Protein chains: 2
Amino acid sequence: MKVLSQTSKYGIRALLYMVSNPSTGEYVSIGEITKELNLSFHFLTKIFRELTNKGILYSYRGPSGGIALAKPSDQIMLIDIVLALEGEDYFDNCLLGFPGCGVEKPCPVHNFWKGIKEDIKSHLCNTSLAQLGEKILAEEVRLFD
Amino acid sequence: MKVLSQTSKYGIRALLYMVSNPSTGEYVSIGEITKELNLSFHFLTKIFRELTNKGILYSYRGPSGGIALAKPSDQIMLIDIVLALEGEDYFDNCLLGFPGCGVEKPCPVHNFWKGIKEDIKSHLCNTSLAQLGEKILAEEVRLFD
DNA sequence: CATATTTAAGAGTATTAATTCTTAATTAAC
DNA sequence: GTTAATTAAGAATTAATACTCTTAAATATG
Ligand code: SF4
Ligand code: SF4
């Protein structure tokens with residue numbers, strides 16, 4: 001069951017690393033993150049470029065540069081990251097892939113699927129990076145393997 | 001959000017066509033189904049071969065041959081089809097793709113994700129082809145576009 | 001200014017999923 | 001037995017995703 005692409009998974013994990021490691025400087029380098037989380041530097045750079053273009057991150061080039069959250073972590077919701085990386089049409093999908101749906105009668109699994117999607121959406125809308133970062137700092141949950 | 005592969009989507013739609021079209025003969029030909037649902041004949045043939053190998057369908061070659069449900073439609077649950085086509089490890093996934101999970105502390109989104117997976121699983125376990133077929137026959141829902 | 005550090009941009013490659021194609025085997029009917 | 005209808009098996013192709021690599025641009029520091 002693939003709900004998130006690798007791109008989103010890596011993006012979220014990297015952001016969670018950032019909020020759970022209150023660093024000294026303003027910017028944290030992508031190299032540090034990929035080293036700590038054992039991700040591909042070039043891949044994460046590409047992912048973060050997208051988040052920078054979408055206004056979720058700031059970036060700064062040069063020594064002691066890196067990336068930083070564009071907003072306080074309690075104002076960045078998981079949904080922002082997912083929609084930025086998966087596309088705004090992320091929830092416009094059909095469980096059974098019926099063509100041209102939503103117009104006439106629903107398909108046999110619509111009610112079920114609609115409910116599940118709403119559950120996922122509302123959770124992503126109501127969960128901030130700050131909330132998850134706190135859980136990591138409190139060591140209730142883990143971020144590494 | 002890709003929860004089911006095209007394989008599963010086509011497989012389920014084709015089986016729903018079968019249960020909602022009580023045909024005269026014992027076997028229904030794959031060609032008829034793909035013509036009605038506008039699917040690729042060769043692709044559906046491959047999908048049904050898998051379901052035949054897994055014991056969900058019977059097949060019979062030659063004129064007036066085709067495929068048939070191996071069990072009454074009220075005994076075939078959606079979960080049977082999904083696990084047959086997506087693999088038995090379909091639910092062994094992690095929303096954030098953490099490596100080697102489930103051993104120590106959970107990741108920050110585990111509780112949420114676990115709940116969603118259970119909702120999906122229980123619904124797939126409790127929904128039979130017969131139930132959905134009835135809804136189609138009652139014209140409450142649609143099967144075509 | 002020279003150098004080192006860091007992100008930006010996008011081309012290139014590899015892997016996986018999806019689809020199509022080819023050939024063979026089975027069976028019914030004439 | 002010949003033909004037509006049908007599934008079986010799997011190779012071959014295409015498309016999408018995931019990942020890597022190369023080059024350029026920006027910036028700090030000495
Ligand atoms: S009715 Fe709902 S679940 Fe079914 S195909 Fe349409 S949008 Fe998807
Ligand atoms: S804790 Fe749960 S959701 Fe998170 S990575 Fe592990 S299995 Fe997946």
Side-chain angles (χ1 to χ4, degrees), chain A residues 1-14 18 23 25-35 37-70 85-87 89-90 93 97 99, chain B residues 1-14 18 23 25-35 37-70 82 85-87 89-90 93 96-97 99:
Chain A
M1 178 165 23
K2 176 142 87 194
V3 169
L4 295 180
S5 63
Q6 293 291 78
T7 294
S8 294
K9 288 175 183 170
Y10 295 159
I12 294 172
R13 287 179 61 189
M18 289 172 69
S23 50
E26 195 179 358
Y27 290 98
V28 53
S29 80
I30 298 173
E32 174 192 329
I33 300 171
T34 57
K35 195 179 149 199
L37 294 181
N38 198 28
L39 302 178
S40 153
F41 167 77
H42 287 104
F43 199 9
L44 187 61
T45 297
K46 192 182 222 174
I47 295 168
F48 274 174
R49 220 150 57 213
E50 189 64 25
L51 293 178
T52 300
N53 292 336
K54 290 270 166 62
I56 293 172
L57 294 176
Y58 289 145
S59 70
Y60 199 84
R61 287 194 261 197
S64 81
I67 52 131
L69 300 183
L85 295 176
E86 303 276 346
D89 61 347
Y90 179 65
N93 68 331
Chain B
M1 179 164 25
K2 176 143 85 195
V3 170
L4 294 180
S5 63
Q6 292 291 77
T7 295
S8 295
K9 288 175 182 169
Y10 295 159
I12 293 172
R13 286 180 61 188
M18 290 171 70
S23 50
E26 194 178 359
Y27 291 98
V28 52
S29 79
I30 298 173
E32 174 191 331
I33 300 172
T34 57
K35 193 179 150 200
L37 295 182
N38 198 28
L39 302 178
S40 151
F41 168 76
H42 288 103
F43 198 9
L44 188 61
T45 297
K46 192 183 221 176
I47 295 168
F48 274 174
R49 220 149 58 214
E50 189 65 24
L51 293 178
T52 300
N53 292 336
K54 291 270 166 60
I56 291 173
L57 295 176
Y58 289 144
S59 70
Y60 197 85
R61 289 194 260 197
S64 80
I67 53 131
L69 300 183
V82 170
L85 295 176
E86 303 277 344
D89 61 347
Y90 179 64
N93 68 330
L96 296 184

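Letters go in sequence order (proteins before strands), and every chain restarts at 1. What you see is a predicted model; the values in this text were computed from it and never measured.
B:Y27 comes within 4.0 angstrom of no nucleic acid atom, judged by non-hydrogen atoms across all strands. Within 4.0 Å (heavy atoms only), A:F48 reaches no atom of the nucleic acid at all.
In this model, the phosphate group of C:dA17 is not approached by any side-chain N or O of B:Q6 to a distance below 4.0 Å at OP1 or OP2.
Between the side chain of A:R49 and the base of C:dA9 there is at least one donor-acceptor pair of N/O atoms closer than 3.5 Å.
Shown here is A:N38, whose CG atom has no more than 12 heavy atoms of other residues, nucleotides or ligands within 6.0 Å.
In this structure, B:H42 places its NE2 atom 14 Å from C1' of D:dA5, rounding to the nearest Å. Separating the OH atom of B:Y60 from the C1' atom of C:dA28 is a distance of 8 Å, rounded to the nearest angstrom. Between B:L44 atom CG and C:dT20 atom P the separation is 12 Å, expressed in whole Å.
Toward the 5′ end of DNA chain C lies the nearest nucleotide of A:F41, the other residue of the pair A:F41 and A:K2 mapping further downstream. Along DNA chain D, the nucleotide nearest B:V28 and the nucleotide nearest B:K46 are compared for position; the residue whose nucleotide lies closer to the 5' end is B:V28.
Nearest heavy atom pair, residue B:L85 against residue B:T7, reads CD1-O, 3.9 Å. Considering every non-hydrogen atom in both A:A70 and A:G55, the closest pair reads CB-O, 3.3 Å.
You'll find the side chain of B:L69 stays beyond 4.5 Å of the side chain of B:I56, heavy atoms only.
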